[in-house]
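Below is one structure, written out as structure tokens; the observations come after it.
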Number of protein chains: 2
Amino acid sequence: MTIKVIIADDHQLFIDGIKSILSKTIDIDTIGEASNGLQVIKLLENDIIPDVILTDIRMPIMDGISLTKIISKNYPQLKVLALSMFDQTIDVIEMLEAGAKGYVTKNVDKSELVSALHTLVKGDYFFSANLPENIQDWFQKENKYVKDTQLTKRETEILHLIVKGRTSLQMAKHLKLSKYTIDTHRKNIHKKLGIKSNTGLVNYALKHL
Amino acid sequence: MTIKVIIADDHQLFIDGIKSILSKTIDIDTIGEASNGLQVIKLLENDIIPDVILTDIRMPIMDGISLTKIISKNYPQLKVLALSMFDQTIDVIEMLEAGAKGYVTKNVDKSELVSALHTLVKGDYFFSANLPENIQDWFQKENKYVKDTQLTKRETEILHLIVKGRTSLQMAKHLKLSKYTIDTHRKNIHKKLGIKSNTGLVNYALKHL
DNA sequence: ATTCAAATACCTAATTATAGGTATATGATA
DNA sequence: TATCATATACCTATAATTAGGTATTTGAAT
């Protein structure tokens, strides 16, 4: 259930920042860190196997692109989430070609990072909402899709009721809908947010709504 | 499940303050307000029946003590929670004699008020921790007891894990305890806080811990 | 020495949540 | 007009929570 993460970046301060964000989050544990791609490979060889590798693109010794190619070949079940500065859009495309499953900018906030990790673990792709247009274009060409984690009106309404402690049956009566419908919305919320439990939803809602 | 409350006070500003606090709380709805005891009786006669009546002691036309006596006689299922200023300890004792089930001072904070309401609904008594000594003495004489909502170490530990989204089974494995033990702690937390659901606990914890 | 809080463990039953589906109707939009 | 997002509804099965008990052990306090 817990998402295990390895962080790779040649700036220790940045690693510490991400670790700090993730340490406060349910279901996400940082199990390793590295200052370049080669160190990530060594962690993997020592059976430190994460669910997601959060990696910078430009690093000394072995960069994120080479790392991602090796991982795509030898550890295909691992998801790579690329981190980049705004000015590295060309590198980002290379990362995606190499097999990265998502991309966030380095000024990512907590909720976005958490969403990204959950999304990747589910097997979907995740991209920052504010990603440069040429990357969007590339993805449309490549027949991929950009996730949006926007809830619909109904879903938002139901999320609020969940936070208030209502059960599916109570919501169904209140909204004059079938319990089945409520549960369907609930499942769609789970899918969109990448959060599978009621307690997680309350956490998310209180922190982000 | 939702706790319905009527607020009675001759100061509208104070009613508004309490309403504002309660409106932000799960499972508590303000269904009526009154500026004196007689207005409360009229609400009850119009089938506006709350679970708890939050009432000032000194009010014009009909004070909280007379109100409480009438309620104790004609609506014994309703709980009366007395509100008072610090300087009205004699009145408070009269309220309790009249049948009030709890007492909070007017500088009550949100968490205390919510605990008080939950506690009364359960059928227990609630008294502000900082209540004057002569009232404590009176209660010891009268063989009542003062609730404390302090969680033990283990309970606090488990509450935190619940907030993190762990299930009973996960916690049992993590702490090397029986699932039965976890569930017992969980039930004791429910009892102490007067909150019966997981989502409610997460709400409580994020707001008060 | 006895009482008491805290922590532990077990049992049963009912309710709720989670997860995997499928399916239909509608209104917007490409 | 054909597709897509949204909202609706149903079905089954398993997991988890909630609620009602009882009971034992241990360490601290009266």
Side-chain angles (χ1 to χ4, degrees), chain A residues 1 26-27 118 121-124 140 143 145-159 161-205, chain B residues 1 26-27 118 121-124 140 145-205:
Chain A
M1 203 85 169
I26 343 166
D27 284 334
H118 280 291
V121 165
K122 276 190 303 173
D124 294 329
Q140 286 181 352
N143 202 21
Y145 58 98
V146 175
K147 293 292 295 181
D148 67 349
T149 51
Q150 296 308 305
L151 299 182
T152 66
K153 270 189 190 177
R154 217 26 154 190
E155 287 163 355
T156 303
E157 184 179 18
I158 286 167
L159 178 54
L161 290 171
I162 289 172
V163 173
K164 287 215 164 203
R166 312 298 174 214
T167 65
S168 290
L169 207 56
Q170 288 172 336
M171 289 186 272
K173 282 175 187 167
H174 178 58
L175 300 173
K176 300 188 199 308
L177 292 174
S178 160
K179 176 189 170 298
Y180 292 123
T181 304
I182 303 295
D183 284 335
T184 299
H185 287 308
R186 197 196 271 272
K187 280 182 284 191
N188 289 334
I189 294 169
H190 287 172
K191 203 177 177 190
K192 282 190 180 177
L193 299 181
I195 297 171
K196 285 171 293 182
S197 75
N198 235 331
T199 53
L201 289 181
V202 176
N203 261 284
Y204 174 87
Chain B
M1 203 85 169
I26 346 165
D27 282 336
H118 281 291
V121 166
K122 276 190 303 170
D124 294 329
Q140 286 182 349
Y145 57 97
V146 176
K147 297 287 297 178
D148 67 348
T149 50
Q150 296 307 306
L151 299 181
T152 66
K153 270 190 190 176
R154 213 31 149 188
E155 287 162 358
T156 303
E157 184 178 19
I158 285 168
L159 177 55
H160 278 93
L161 290 170
I162 290 171
V163 173
K164 287 214 163 202
R166 311 300 175 210
T167 66
S168 289
L169 207 55
Q170 288 172 335
M171 288 186 271
K173 281 173 185 165
H174 177 59
L175 299 174
K176 298 187 200 311
L177 292 173
S178 162
K179 177 187 169 300
Y180 291 123
T181 303
I182 304 295
D183 284 334
T184 299
H185 287 309
R186 197 195 269 272
K187 282 182 283 189
N188 289 334
I189 294 168
H190 286 172
K191 203 177 175 189
K192 282 189 180 177
L193 299 181
I195 297 169
K196 287 171 292 181
S197 76
N198 236 332
T199 53
L201 289 180
V202 176
N203 262 283
Y204 174 87

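Values below: all heavy atoms of this structure, side chains included; hydrogens, waters and symmetry mates excluded. Proteins come first, then strands; the chains are lettered A, B, ... in the order of their sequence lines, and each starts at number 1.
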Give the nucleotide from the list dT8(C), dT18(D), dT18(C) with an atom nearest to the side chain of His190(B). dT18(D)
How would you label the contact of Asn188(A) with the nucleic acid (heavy atoms, under 4.0 Å): base, sugar-phosphate, or nothing? nothing
Of dT8(D), dA9(C), dT18(C), the nucleotide closest to the side chain of Thr184(B) is dA9(C)
Value in whole Å for how far the P atom of dT16(C) lies from CG of Leu169(A): 6 Å
Where the side chain of Asp183(B) is defined as all heavy atoms beyond and including C-beta, which of dA9(C), dA9(D), dT18(D) is the nearest nucleotide? dT18(D)
Nearest-angstrom distance from the residue atom CD of Gln170(B) to P of dA15(D): 13 Å
Over how many whole Å does the gap from Tyr180(A) atom OH to dC10(D) atom P extend? 7 Å
Whole-Å distance between dT18(D) C1' and Ile182(B) CD1? 16 Å
Among the nucleotides dA7(C), dA17(C), dT18(D), whichever has the atom closest to the side chain of Arg186(B) is dT18(D)
Using distance alone, with no hydrogens and no angle criterion, decide if Asp183(B) and Ser168(B) have a side-chain donor and acceptor under 3.5 Å apart. yes
Rounded to the Å, how far apart are Glu157(A) CD and dA7(D) P? 10 Å
Applying a 4.0 Å non-hydrogen cut-off, can you work out what Ser178(B) is touching in the nucleic acid: base, sugar-phosphate, or nothing? sugar-phosphate
Arg154(B) side chain, from C-beta outward: closest of dC11(C), dT8(C), dT17(D): dT8(C)
Closer than 4.0 Å, any side-chain N/O of Thr152(A) to the OP1 or OP2 of dA5(D)? no
From CG of Leu151(A) across to P of dT6(D) the rounded distance in Å is 10 Å
What contact category does His185(B) fall into here, base, sugar-phosphate, or nothing, at under 4.0 angstrom with non-hydrogen atoms? base
Please check: side-chain N/O of Asn203(A) versus main-chain N/O of Val163(B), any donor-acceptor pairing under 3.5 Å? yes
Among the candidates dT17(D), dA16(D), dT18(C), find the nucleotide nearest to the side-chain atoms of Lys179(B). dT17(D)
Go nucleotide by nucleotide along DNA chain C from the 5' end; which of Thr167(A) and Lys187(A) gets its closest nucleotide reached first? Thr167(A)
Supply the atom-to-atom distance Thr184(B) OG1 to Glu155(B) CD, rounded to the nearest 0.5 angstrom. 10.5 Å
By the definition side-chain contact (heavy atoms from CB on, under 4.5 Å), identify the one residue from Thr199(B), Ile189(B), Ile195(B) that meets it with Tyr204(B). Ile195(B)
Which of His185(B), Glu157(B), Lys179(B), Arg186(B) passes side-chain contact (heavy atoms from CB on, under 4.5 Å) with Met171(B)? Answer is Arg186(B)
Roughly, in whole Å, what's the span from CE in Met171(A) to C1' in dA7(D)? 15 Å
Could you check how far CD of Glu155(B) sits from P of dT8(C), rounded to whole Å? 10 Å
